[in-house]
**Q** 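This is the structure I want to talk about, given as structure tokens.
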Amino acid sequence: VQLQASGGGLVQAGGSLRLSCAASGRATFTSYAVGWFRQAPGKEHDFVAAISWSGGSTYRDSVKGRFTISRDNAKNMVYLLMNSLKPSDTAVYYCATSLRESTLINDYDYWGQGTLVTVSS
């Protein structure tokens, strides 16, 4: 599976962005869970959200109520809608696939390139 993340940009605090993760390749996308991780400058990757093949979702506490993960299996797409953005959300965001819905980075095998989200105060 090949993944490509897009949709990042510069936004003011309180604003919104929608990230997209496009999947391609011979593997069946619907068989995978998809997660979003982020990496702020000088920090390690942090789990943000994940969605199972059936649509179940998990979020890190700091984004609950603000971020929504969704998927469109017919289009091989996963989305991350980010509302009420804060400067602390500034990071490079990555999407990745896993055989199960997980918060653990080691459970994810295929990764897309990142997309930069910058939230100004």
Side-chain angles (χ1 to χ4, degrees):
V1 176
Q2 291 81 46
L3 303 173
Q4 183 168 357
S6 62
L10 174 63
V11 63
Q12 288 187 330
S16 299
L17 283 174
R18 189 180 79 159
L19 305 184
S20 298
C21 178
S24 61
R26 292 181 292 176
T28 303
F29 177 68
T30 55
S31 300
Y32 292 93
V34 177
W36 285 95
F37 289 78
R38 66 188 182 188
Q39 186 177 29
K43 296 186 177 181
E44 296 183 350
H45 286 78
D46 286 332
F47 169 78
V48 176
I51 188 166
S52 70
W53 65 271
S54 61
S57 58
T58 305
Y59 299 91
R60 70 179 293 115
D61 286 345
S62 63
V63 307
K64 286 180 180 178
R66 300 189 297 123
F67 290 11
T68 303
I69 190 171
S70 61
R71 67 189 298 161
D72 185 337
N73 288 334
K75 296 182 179 180
N76 286 350
M77 296 291 294
V78 171
Y79 306 99
L80 184 68
L81 176 61
M82 306 185 296
N83 294 323
S84 302
L85 283 162
K86 305 175 181 179
S88 57
D89 294 318
T90 294
V92 177
Y93 284 70
Y94 300 86
C95 59
T97 59
S98 172
L99 292 178
R100 64 186 184 96
E101 183 184 347
S102 173
T103 64
L104 303 177
I105 192 170
N106 289 339
D107 284 340
Y108 289 82
D109 42 17
Y110 297 101
W111 289 77
Q113 92 295 350
T115 185
L116 177 62
V117 172
T118 304
V119 184
S120 63
S121 57

**Q** Report yes if some heavy atom in the side chain of Leu99 is under 4.5 Å from a heavy atom in the side chain of Tyr32; otherwise report no.
**A** yes
**Q** Linking I/L/V/M/F/W/Y whenever their side-chain heavy atoms sit closer than 4.5 Å, directly or via other members, would Val11 and Leu19 fall into one cluster?
**A** yes
**Q** May I ask you to list the residues sharing a hydrophobic cluster with Tyr94, side-chain cutoff 4.5 Å, ordered by chain and number?
**A** Phe37, Phe47, Val92, Ile105, Tyr108, Trp111, Leu116
**Q** Of the non-hydrogen atoms in Leu80 and Ala49, which two are nearest, and what is the gap between them?
**A**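 Scanning both residues, the minimum pair turns out to be CD1-CB, 4.2 Å.
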**Q** Closer than 4.0 angstrom, basic N to acidic O: yes or no for Asp61 and Lys64?
**A**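 Yes, this pair counts.
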**Q** In Å and rounded to the nearest 0.5 Å, what is the OG to CD distance from Ser57 to Glu101?
**A**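 CD of Glu101 is found 6.5 Å from OG of Ser57.
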**Q** Quick check: closest heavy atoms across Trp36 and Ser20, and the distance to 0.1 Å?
**A**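 In this case the closest contact between Trp36 and Ser20 is CH2-O, 3.6 Å.
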**Q** On a heavy-atom basis, which atom in Arg71 and which in Ile51 lie closest, and how many Å separate them?
**A** NH1-O, 3.6 Å
**Q** Drop me the distance from Lys86's NZ to Ser121's OG, to the nearest 0.5 angstrom.
**A** 14.0 Å
**Q** Just so I know, are the side chains of Leu3 and Val34 near enough to count as touching, which here means a heavy-atom distance under 4.5 Å?
**A**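 Of all side-chain heavy-atom pairs linking Val34 with Leu3, none is under 4.5 Å.
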**Q** Taking all non-hydrogen atoms of both residues into account, name the closest pair between Arg66 and Leu85 and its distance.
**A**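 Nearest heavy atoms, Arg66 then Leu85: NH1-CA, 3.9 Å.
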**Q** Where is the tightest heavy-atom contact between Pro87 and Ala13, given as atom of each residue plus distance?
**A**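 Heavy atoms of Pro87 and Ala13 come nearest at CD-CB, 4.1 Å.
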**Q** Are Tyr79 and Ile69 co-members of a hydrophobic cluster defined by side-chain heavy atoms under 4.5 Å apart?
**A**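 Looking at the clustering, Tyr79 is in a separate group from Ile69.
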**Q** Kindly say whether Ala33 contributes a backbone atom to a donor-acceptor pair with the side chain of Ser52 at under 3.5 angstrom?
**A** no
**Q** For residues Ser102 and Ala50, report the shortest heavy-atom separation together with the two atoms involved.
**A**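 Closest pair (atom of Ser102, atom of Ala50, distance): O-CB, 3.8 Å.
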**Q** Side chains of Gln113 and Gln4: does their closest heavy-atom pair fall under 4.5 Å?
**A** yes
**Q** First locate atom CE of Met82, then atom OG of Ser16, and finally report the distance between them rounded to the nearest 0.5 Å.
**A** 8.5 Å
**Q** Taking the side chain as every heavy atom from C-beta outward, state whether Arg38 and Asp89 have any pair of such atoms under 4.5 Å apart.
**A**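 A side-chain contact exists here, since the closest heavy-atom pair is under 4.5 Å.
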**Q** Considering only Ile, Leu, Val, Met, Phe, Trp and Tyr, and joining two whenever side-chain heavy atoms are under 4.5 Å apart, list the other residues clustered with Leu10.
**A** none
